[in-house]
Amino acid sequence: MTQQAGATAVAHTNIALIKYWGKADPVLNLPTTSSLSLTLKEYYTKTQVEEADVDSLLINELPQDAKRVHEFLNILREEVQDFPPLRVISTNKVPISAGLASSASSFAALTAAVAKFNNWQLSLEDLSRLARRGSGSATRSFFPDFAIWEKGHDDTSSYATHFDTPDMPIALVVCKISGLVKKVSSTEGMRRAQTSPNYAAWVEESARQLVDMEDALKKADIKRVGDIAEANSLGMHNLNLTAKDQRFTYFNAQTMQILDEVKALRQAGYTAYATMDAGPNVKIITTLNEANAIKESLAKRFLKIQFDIATPGPGISYE
Ligand code: DP6
């Protein structure tokens, strides 16, 4: 197959409403649970690949350690077809401080750009399956709005698909708390969480929550979506606190203050539910109508925290 001189793809990041937090197979990146996410319009990665002498990586014009990218490209060379070394040039519109996984959009964009470069004719599901080897959450960044990553049981059966829902005015208020906490990577956080005595119960609960979440989404019931997502996220963070090997937390004092505020907003009648990932930041699930009022009310109380509004986003695209 002939290669293109260069190829560019754009992938948006996603926020998990039912989390991926543990690996059944760390080499193949098979998860212990299925997960469900919302793709976000405001945050994305644009990646261009072009032929070079060695695999290299540039993010926002700065040279980076290319080890993880090089290992991932080698997996693609082995799994799909050999191709020459690549210069990977990425522009990341995922603010690091927002605590949104930039690995999701990065590995999705890279997989799609490499496929385009090589003229591989692959379905979105095939791309999702390949991207999984780079980073689990990347499986879900090929689809607009909602996606489900079915955990599967082997390399061929573990990938994401689009989850169709009625239109709904869902939005997120993203609280950008500055990350003073020393970061435990997602991969390491999961490894520790899986040593929690509560882990097996969380896996079972997560399967029930996924069924509930699908039903709530089909009914466009944003309050129920938020309530299930909040419970799932708190369950995930409980695993970190109760890990037998190096228990830890991603929360800091401001995380707790915002969680109190989310509860107060709810008591005042707002749609407001919290979800947190591998960092101290809180993402508040709400409606488009209420997002601005929630943002303004929090901005008055937390002068040092920045607040963004994020909305449902598109699937993968090419330039
Ligand atoms: C908390 O996809 O970053 O955001 O597969 O090890 O690269 P690796 O992990 P990653 O984990 C994301 C974890 C999460 C929850 C989620 O996105 O489902």
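For ligands, and for the atoms within them, numbers begin at 1 and follow the listed sequence.
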I need the atoms of ligand 1 closer than 4.0 Å to a non-hydrogen atom of [X], numbered in the order shown.
X	result
Ser137	2 (O), 3 (O), 10 (P), 17 (O)
Lys23	5 (O), 6 (O), 8 (P)
Trp21	1 (C), 13 (C)
Ala16	16 (C), 17 (O), 18 (O)
Thr187	6 (O), 8 (P)
Ser103	3 (O)

Would you say [X] touches ligand 1, if touching means a heavy atom closer than 4.0 Å?
X	result
Arg68	yes
Arg132	no
Ser35	no

Is a donor from one side chain sitting under 3.5 angstrom from an acceptor on the other, for [X] and [Y]?
X	Y	answer
Lys283	Thr275	no
Thr47	Ser90	yes
Glu290	Thr287	yes

Report task. Could you label the plane-to-plane angle of the Tyr199 and Trp202 rings as parallel, tilted or perpendicular, counting under 30° as parallel and over 60° as perpendicular? Result -> tilted
Got a list of side-chain donor-acceptor pairs under 3.5 Å for residues 228-237, not counting sequence neighbours?
{"from": "Glu230", "atom 1": "OE1", "to": "Arg266", "atom 2": "NH1", "distance (Å)": "3.0"}
{"from": "Glu230", "atom 1": "OE1", "to": "Ala274", "atom 2": "N", "distance (Å)": "2.8"}
{"from": "Glu230", "atom 1": "OE2", "to": "Arg266", "atom 2": "NH1", "distance (Å)": "3.4"}
{"from": "Glu230", "atom 1": "OE2", "to": "Arg266", "atom 2": "NH2", "distance (Å)": "3.2"}
{"from": "Asn232", "atom 1": "OD1", "to": "Lys19", "atom 2": "N", "distance (Å)": "2.8"}
{"from": "Asn232", "atom 1": "ND2", "to": "Gln209", "atom 2": "OE1", "distance (Å)": "2.9"}
{"from": "Ser233", "atom 1": "OG", "to": "Met276", "atom 2": "N", "distance (Å)": "3.0"}
{"from": "Ser233", "atom 1": "OG", "to": "Met276", "atom 2": "O", "distance (Å)": "3.3"}
{"from": "His237", "atom 1": "NE2", "to": "Met276", "atom 2": "O", "distance (Å)": "2.8"}

Query raised in the report: Which ILVMFWY residues can you reach from Val10 by hopping between side chains whose heavy atoms are under 4.5 Å apart?
Result: Tyr44
Query - Proximity of Arg140 to ligand 1 by residue part, where a heavy atom lies under 4.0 Å - result: side chain
Query raised in the report: At a non-hydrogen distance cut-off of under 4.0 Å, which region of Ser186 contacts ligand 1 (side chain, backbone, both, or neither)?
Result: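 It is the side chain that gets close, since no backbone atom is under 4.0 Å.
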**Report entry** Nitrogen or oxygen of Asn14 less than 3.5 angstrom from that of ligand 1
**Finding:** no
Report task. Report yes if some N/O of Met236 lies less than 3.5 Å from some N/O of ligand 1; otherwise report no. Result ->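 No, since none of the N or O atoms of Met236 sits under 3.5 Å from an N or O of ligand 1.
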**Report entry** Thr39/Asn14 under side chain to side chain donor-acceptor pair (under 3.5 Å): CA gap, chis, key distance, verdict
**Finding:** CA-CA 4 Å; Thr39 302; Asn14 69 77; 5.8 Å; no
Query - Partner of Arg132 by salt bridge (charged side-chain N to carboxylate O under 4.0 Å, His left out), out of Asp126, Asp155, Asp154, Asp25 - result: Asp155
**Report entry** Cluster overlap Leu28 with Val80, hydrophobic side-chain contacts below 4.5 Å
**Finding:**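 No, because Leu28 and Val80 fall into different hydrophobic clusters, even though each may have its own neighbours under 4.5 Å.
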